[in-house]
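Below is one structure, written out as structure tokens; comments come after it.
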Amino acid sequence: MFQSFRLAMSWVHTWFGLVLGFVLMAAFFFGTLSVFDREIDRWAVPATRVAAQPMPSFDTVLRPVLEGMQPEAEDVAALRDELSGPVPTRFDINYWDIRSTRDPVTYLYAGYEVPGAKSPDELAYDMRLLVAATGELLEEEPAFIGTGLFYPLHFNLTLAWADLGAWIIGLAAFSMMAALVSGVVIHRKIFREFFTFRPRKALLRSTLDLHNLSGVVALPFHFFFALTGLLIFAGIYFPIAETQLQPLHELHERHEEAQSAVPKRRAGVPVPLASVDAMVVQAQQRWAARGQSDKVEALILLHVGDANGRVVLSNAGEDRVTSAPGSDIHFRASTGEVMHESPRPSATGQVLEYLAGLHLVHFRHWLLRWLYVLGGLLGCVCIATGFIFFVEKRKAQHARAGSQGSRIVDAVAVFAVTGMLIATVMLLAVNRLVPEGLPGRNGIQGFAFWGAWVMAFIHAALRSGPVARAQINPAWREQCWVLSMLAAAAVALNWLTTGDHLIKTVFTDTYWPVAGMDLSLIATGLLAAIAARHLTRRERERPAVRAHAVPT
Amino acid sequence: MDPRLSVTLRVALALLGGYAFAWGFIASGMTALHAAGMEFHDAQGLASLLGFLLFLCVFLWTFAARSLLRVGVVLVGGGALLIVAASSLQSALVR
């Protein structure tokens with residue numbers, strides 16, 4: 001079908017890159033934001049703008065809160081269909097799961113037994129959020145934009161139904177790998193691409209230079225993230241252990257359970273809980289002896305109140321890429337004696353964990369994190385210049401032929417590039433504009449985000465006429481101005497509503513999560529303004545191309 | 001062949017045929033590695049890692065190959081053989 005290997009690769013690069021590029025843009029951009037998702041949460045929920053704290057005492061602080069928790073009334077009502085008997089009025093605890101990562105909020109999760117449930121594994125749930133430094137319990141659903149929206153957008157586009165979003169993202173990641181390999185085949189002169197950028201040449205040439213430059217400079221980064229992203233969700237994309245090889249999987253699980261010293265089920269004998277704080281001290285001594293971080297990241301109590309109950313403590317992954325031997329320690333809940341420590345992973349296990357760990361970035365290292373951001377943004381530049389090159393290469397020809405192809409691609413590119421940025425910054429501005437405690441506040445924020453994104457597409461489509469005459473869609477310039485103004489508004493609104501301005505957050509009362517967000521917004525606004533000015537100049541230079549024969 | 005049909009066939013074969021082939025490779029690879037003594041989830045992870053790279057290779061090969069028939073035979077036929085091999089090895093292990 002294709003004349004040569006290079007032409008075949010060129011076809012794959014162009015069409016898979018174009019169709020999945022729009023999804024890839026979102027995966028790269030929101031993945032980039034997810035590097036600092038906790039910091040975005042701090043900016044968006046001012047009540048949590050305090051220094052990160054170690055996990056508070058279980059015995060004196062957490063336990064009273066946990067014991068006061070019960071499933072929400074509406075969740076209980078939703079359970080009605082899963083029950084064969086009456087709806088219980090009070091639920092007995094099954095497990096408690098307490099998390100404190102690199103932020104000041106402690107997450108308290110609880111799972112409850114459901115007596116009379118049709119399925120024996122049925123549980124009811126509740127959760128609370130505690131700001132450890134102030135002892136304050138947060139409202140039900142705080143606007144955690146970073147961990148709650150940008151992070152899921154990165155890996156499943158918030159389409160959780162039937163893992164649809166994860167499959168779309170997976171196809172996009174696979175196309176990224178295909179586009180990188182085929183891109184290298186097409187261009188051949190990979191070494192020269194590193195040093196070639198001619199911004200003063202014709203737009204087509206300089207766009208291609210930038211596309212190649214951003215692609216090859218971070219080539220290992222792009223390929224690695226696409227591959228490890230697929231690997232992290234391998235169980236979704238190839239659910240072999242749950243389907244074809246389920247008998248073998250179950251056999252393995254039975255072997256593991258038989259060998260393990262840790263009881264899997266409840267004994268049915270009620271036993272009181274020993275001091276968890278004493279277990280924490282014991283775990284910290286063991287971690288310190290191994291030279292690991294002594295900060296508790298996860299504290300899980302399984303089969304609470306039962307003779308087979310146990311307490312699992314894990315330390316924070318801030319000082320390493322993968323989980324280390326002994327980082328999980330299991331205690332007998334009734335006595336506080338150590339039952340089990342996580343063993344050293346096998347060589348294969350270490351390699352796989354290392355690959356996943358480099359993608360998931362749990363370690364604390366601000367410079368490396370910023371390099372991740374740079375790599376992610378280079379990916380965005382590579383994808384966006386790919387769209388522009390596609391349009392620039394074809395639009396004069398399309399204009400002569402009276403075709404609408406490049407006009408449509410260009411409008412979708414505006415939607416995927418400036419539209420996505422506008423939606424993101426609009427959400428931040430609305431987050432600061434709508435007063436906290438207003439009913440339906442989260443709904444308003446969601447509406448602002450998706451609404452702004454849809455509006456950006458409608459705007460791009462309405463203004464796309466000039467592309468059909470081989471000119472530039474003015475929507476690019478106009479949306480750059482909107483973005484610039486929104487970014488300035490978000491910084492100003494943050495100052496007005498919280499009193500946190502840059503002089504305070506950088507110099508007098510340093511708080512980098514908020515300062516970093518404000519500085520990034522200012523940089524975004526400035527770049528958008530510069531881009532808008534360039535576009536103004538470019539638009540004036542372009543003569544229109546008329547169709548030779550316009551079919552009417 | 002009509003070029004549109006040819007392109008559609010190649011895309012379908014590259015994605016679906018490649019997927020079936022990769023499934024067969026991962027399934028038989030993880031069963032074989034587990035049979036050779038590797039822990040189940042380690043075997044699954046390692047086979048998946050190699051499987052994704054193999055998928056990428058056969059995906060690109062589908063577009064580069066001259067004969068679409070040969071690609072079809074290798075991907076669908078080979079994939080089916082690998083899937084059968086994984087299941088047979090599994091029944092030997094589970095018994």
Side-chain angles (χ1 to χ4, degrees), chain A residues 1-2 4-13 15-16 19 170-171 173-182 185 223 226-235 237-256 345-353 355-356, chain B residues 1-7 9-11 14-15 18-20 22-31 33-35 37-53 55-57 59-68 82-84 86-87 89-95:
Chain A
M1 180 177 83
F2 299 106
S4 69
F5 181 57
R6 274 187 66 215
L7 284 176
M9 291 301 101
S10 177
W11 190 91
V12 172
H13 189 89
W15 295 104
F16 276 86
V19 175
L171 186 58
F174 187 73
S175 303
M176 182 75 190
M177 295 201 298
L180 288 168
V181 174
S182 54
V185 172
F223 192 87
L227 178 61
T228 51
L230 288 169
L231 193 59
I232 289 167
F233 278 173
Y237 303 133
F238 289 99
I240 297 173
E242 288 73 40
T243 53
Q244 194 195 346
L245 298 184
Q246 196 177 8
L248 190 62
H249 191 196
E250 281 173 0
L251 179 73
H252 169 75
E253 300 285 297
R254 280 200 301 278
H255 272 294
E256 289 282 288
S346 66
T348 314
Q350 283 182 44
V351 169
L352 294 170
E353 278 190 24
L355 294 177
Chain B
M1 200 192 293
D2 172 33
R4 272 190 201 173
L5 180 67
S6 168
V7 163
L9 270 178
R10 269 184 209 258
V11 170
L15 286 174
Y19 182 80
W23 179 293
F25 174 84
I26 296 172
S28 54
M30 66 194 269
T31 320
L33 286 170
H34 186 54
M38 189 179 276
E39 199 270 339
F40 185 83
H41 294 103
D42 284 358
Q44 184 183 15
L46 184 59
S48 303
L49 176 63
L50 299 173
F52 281 120
L53 292 172
F55 190 1
L56 177 61
C57 293
F59 174 87
L60 293 174
W61 174 56
T62 309
F63 291 97
R66 288 204 183 281
S67 158
L68 202 55
L82 287 166
I83 289 170
V84 171
S87 282
L89 186 53
Q90 170 178 244
S91 25
L93 290 173
V94 170
R95 193 182 310 133

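On a predicted model such as this, the values are computed, not experimentally measured, just so you know. In what follows, chains carry the letters A, B, and so on, assigned in the order in which the sequence lines appear, proteins first and then strands, with residues in each chain numbered from 1.
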In this structure, CZ of B:F63 is separated from CH2 of A:W11 (nearest 0.5 Å) by 5.0 Å
Residues B:W23 and A:F238: closest non-hydrogen pair is N-CE2, 3.6 Å
Worksheet item: Are the aromatic ring centres of A:F16 and B:F59 under 6.0 angstrom apart?
Response: yes
Nearest heavy-atom approach of B:M30 to A:I240 is SD-CG2, 4.2 Å
#### Entry: A:Q244 side chain vs B:A27 backbone, donor-acceptor pair below 3.5 Å
no
Rounded to the nearest 0.5 angstrom, the CE-CG distance for A:M176 and B:L56 is 12.0 Å
If one checks every heavy atom of A:Q350 against chain B at 4.5 Å, the contacting part turns out to be neither
If one checks every heavy atom of A:V181 against chain B at 4.5 Å, the contacting part turns out to be side chain
Heavy-atom nearest pair, B:A86 first then A:L245, reads O-CD2, 4.3 Å
So, the part of A:S175 with a heavy atom under 4.5 Å from chain B: the answer is neither
When the 4.5 angstrom heavy-atom criterion is applied to B:I83 and chain A, the contacting part is both
Whatever's closer than 4.5 Å to a heavy atom in chain B on A:E250 counts as neither
Bottom line for B:A22: the part with an atom under 4.5 Å from chain A's heavy atoms is both
If you tally heavy-atom pairs under 4.5 Å between each of A:A356, A:P247, A:P345 and chain B, the highest tally belongs to A:P247
Interface check, chain B: of A:L352, A:L355, A:V351, A:L227, most non-hydrogen pairs under 4.5 Å belong to A:L352
Whatever's closer than 4.5 Å to a heavy atom in chain B on A:L171 counts as side chain
Applying a strict 4.5 Å limit to non-hydrogen atoms, the region of A:L251 in contact with chain B is side chain
Here the gap from A:Y237 atom OH to B:I26 atom CD1, rounded to the nearest 0.5 Å, amounts to 12.5 Å
Pair up each side-chain donor or acceptor in residues 37-51 of chain B with any protein partner under 3.5 Å, not counting sequence neighbours, and list the distances.
residue	atom	partner	partner atom	Å
B:E39	OE1	B:H41	N	3.0
B:E39	OE1	B:D42	N	3.1
B:E39	OE2	A:H252	NE2	3.0
B:H41	NE2	A:H249	NE2	3.2
B:D42	OD2	A:S346	OG	2.4
B:S48	OG	B:Q44	O	2.7

